[in-house]
Amino acid sequence: MSSIRIATWNINSVRLRIDMVLRFLDEYKPDALCLQETKSPDGLIPTAAIEAAEYGHIHKAGMKRYNGVAIIANRPLQDPEIINHCGKEDCRHIAATLADGPEVHSIYIPAGGDEPDREVNEKFGHKLDFVNSLADWFPRYRKSSNDIVAVGDFNIAPLETDVWSHKQLLKVVSHTPIEVEHLDNMQAAFNWQDAVRQMIPPEEVLFSWWSYRSRDWAASNRGRRLDHIWVTQPMGDKVTNAEVLKPARGWEPKPSDHCPVLIDVES
DNA sequence: ATGGTTGGTTACCAA
């Protein structure tokens with residue numbers, strides 16, 4: 001039985017952390033790695049090093065300073081697309097089909113600023129609108145009976161066990177009821193299965209991100225699960241493994257504040 | 001209540 005491995009990682013600058021990308025590819029050998037926050041114009045992404053690591057197939061949408069998504073694969077990526085939402089070309093959503101495999105989407109949902117009120121914080125409104133746009137996009141342009149994987153930094157931790165304190169984060173952007181409601185609606189609109197929570201029970205506390213703003217991220221352990229892997233239903237039953245690679249949060253010399261998340265799927 | 005750190009870029013903005 002052969003298997004496909006798909007990973008996602010908010011890398012927080014692909015140029016600064018290209019060595020960590022190569023380390024991840026070497027140690028975990030995903031068939032496709034989806035990156036977010038590459039923070040690099042397309043021409044400046046160090047593709048030569050990635051290609052030398054035998055990941056010769058790269059689809060990317062990058063811009064100066066902000067955002068940026070990529071898909072790195074060890075086999076051809078067919079029908080590459082860049083998808084825009086909310087009338088912006090801000091490099092948050094790309095897709096391509098892995099040869100003899102599923103269609104893969106790398107998504108970076110806006111963080112949403114500090115104030116969870118769209119009347120006073122337009123970034124929060126943009127976040128909610130972006131999730132709504134994704135909820136509309138998939139049923140409009142795709143069939144949920146096809147093999148499709150949507151991964152990325154969704155910037156929302158939906159479950160009580162996805163945050164270090166449900167009570168203390170109810171009014172903190174990423175875990176407010178309105179955001180969770182929007183994400184739940186997007187999930188239901190295409191019958192997405194949360195592949196990670198399917199393998200790691202919802203009762204279990206699980207984080208994929210720890211802020212830089214703490215003296216000792218591991219000791220304080222105030223994390224959130226912001227990074228997700230969703231699959232369509234025919235695929236859901238074939239997921240055999242899901243992992244959040246917490247050790248990468250401590251990778252020297254300068255870790256990303258997110259760790260990689262991966263799944264294995266029978267193919 | 002507040003401040004804490006990081007990356008890209010180069011005066012702060014976004015996270």
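By convention in this document, chain letters (A, B, ...) are assigned in the order of the sequence lines, proteins followed by strands, and residues within each chain are numbered from 1.
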**OP:** Give the intermediate values and the outcome of salt bridge (Lys or Arg N to Asp or Glu O under 4.0 Å) for residues A:Glu103 and A:Arg142.
**Re:** CA-CA 10 Å; A:Glu103 180 178 300; A:Arg142 295 295 188 269; 2.6 Å; yes
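A:Lys64 places its NZ atom 15 Å from the C1' atom of B:dG7, with the value rounded to the nearest Å. Atoms CD (A:Glu37) and P (B:dT5) sit 19 Å apart, rounded to a whole Å. In this structure, the CD atom of A:Glu252 is 12 Å from the P atom of B:dT6, given to the nearest Å.
The gap from the P atom of B:dT2 to that of B:dT6 amounts to 23 Å, rounded to the nearest Å. Comparing the same atom, P, in B:dC12 and in B:dA1 gives a spacing of 30 Å after rounding to whole Å. Taking the P atoms as reference points, B:dG3 lies 28 Å from B:dT9, given to the whole Å.
Between A:Arg17 and the phosphate of B:dG7, there is a side-chain N or O to OP1/OP2 separation shorter than 4.0 Å. In this model, the phosphate group of B:dT5 is not approached by any side-chain N or O of A:Arg222 to a distance below 4.0 Å at OP1 or OP2.
Taking for each of A:Lys254 and A:Asp257 the nucleotide of DNA chain B with the nearest heavy atom, the 5'-most of the two is the partner of A:Lys254.
Residues of residues 162-182 of chain A having a heavy atom closer than 4.0 Å to DNA chain B: none are found. Within residues 111-125 of chain A, the residues having any heavy atom under 4.0 Å from DNA chain B are, by residue number, A:Ala111, A:Lys123.
Relative to the six-membered ring of A:Trp209, A:Arg224 misses at least one condition, a distance below 6.0 Å or an angle of at most 45° to the axis. Both tests pass for A:Arg23 against the ring of A:Trp251: distance under 6.0 Å to the centre and angle within 45° of the axis.
The side-chain hydrogen bond (donor to acceptor under 3.5 Å, both in side chains) check on A:Asn191 picks up A:Gln193, with sequence neighbours excluded. Listed by chain and number, the residues in a salt bridge (charged side-chain N to carboxylate O under 4.0 Å, His left out) with A:Asp257 amount to none (sequence neighbours excluded).
Set against B:dT9, B:dG7, B:dA15, the side chain of A:Tyr108 has B:dA15 as its closest nucleotide.
Looking only at distances, no side-chain donor or acceptor of A:Tyr212 sits under 3.5 Å from a matching main-chain atom of A:Trp217. Listed for the A:Asn132 side chain is no donor-acceptor partner under 3.5 Å among the backbone atoms of A:Asp129. For A:Asp264 (side chain) and A:Asn241 (main-chain N/O), no donor-acceptor pair under 3.5 Å exists by modelled atom type.
Among the atoms of the strands shown, none is found under 4.0 Å from any heavy atom of A:Arg249.
At a threshold of 4.5 Å between non-hydrogen side-chain atoms, the residues A:Leu25 and A:Leu33 count as touching.
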Between N or O atoms, less than 3.5 Å apart, protein on one side and nucleotides 1-4 of chain B on the other: list the pairs.
residue, atom, partner, partner atom, Å
B:dG4, N1, A:Arg213, NH1, 3.3

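A:Asn146 CG: more than 12 foreign heavy atoms inside a 6.0 Å radius.
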Subject >> Bracket notation of DNA chain B in which parentheses pair within the strand, [ ] cross earlier pairs, and | pairs with another strand (Watson-Crick or G-U, under 3.5 Å) >> reply: ....((((...))))
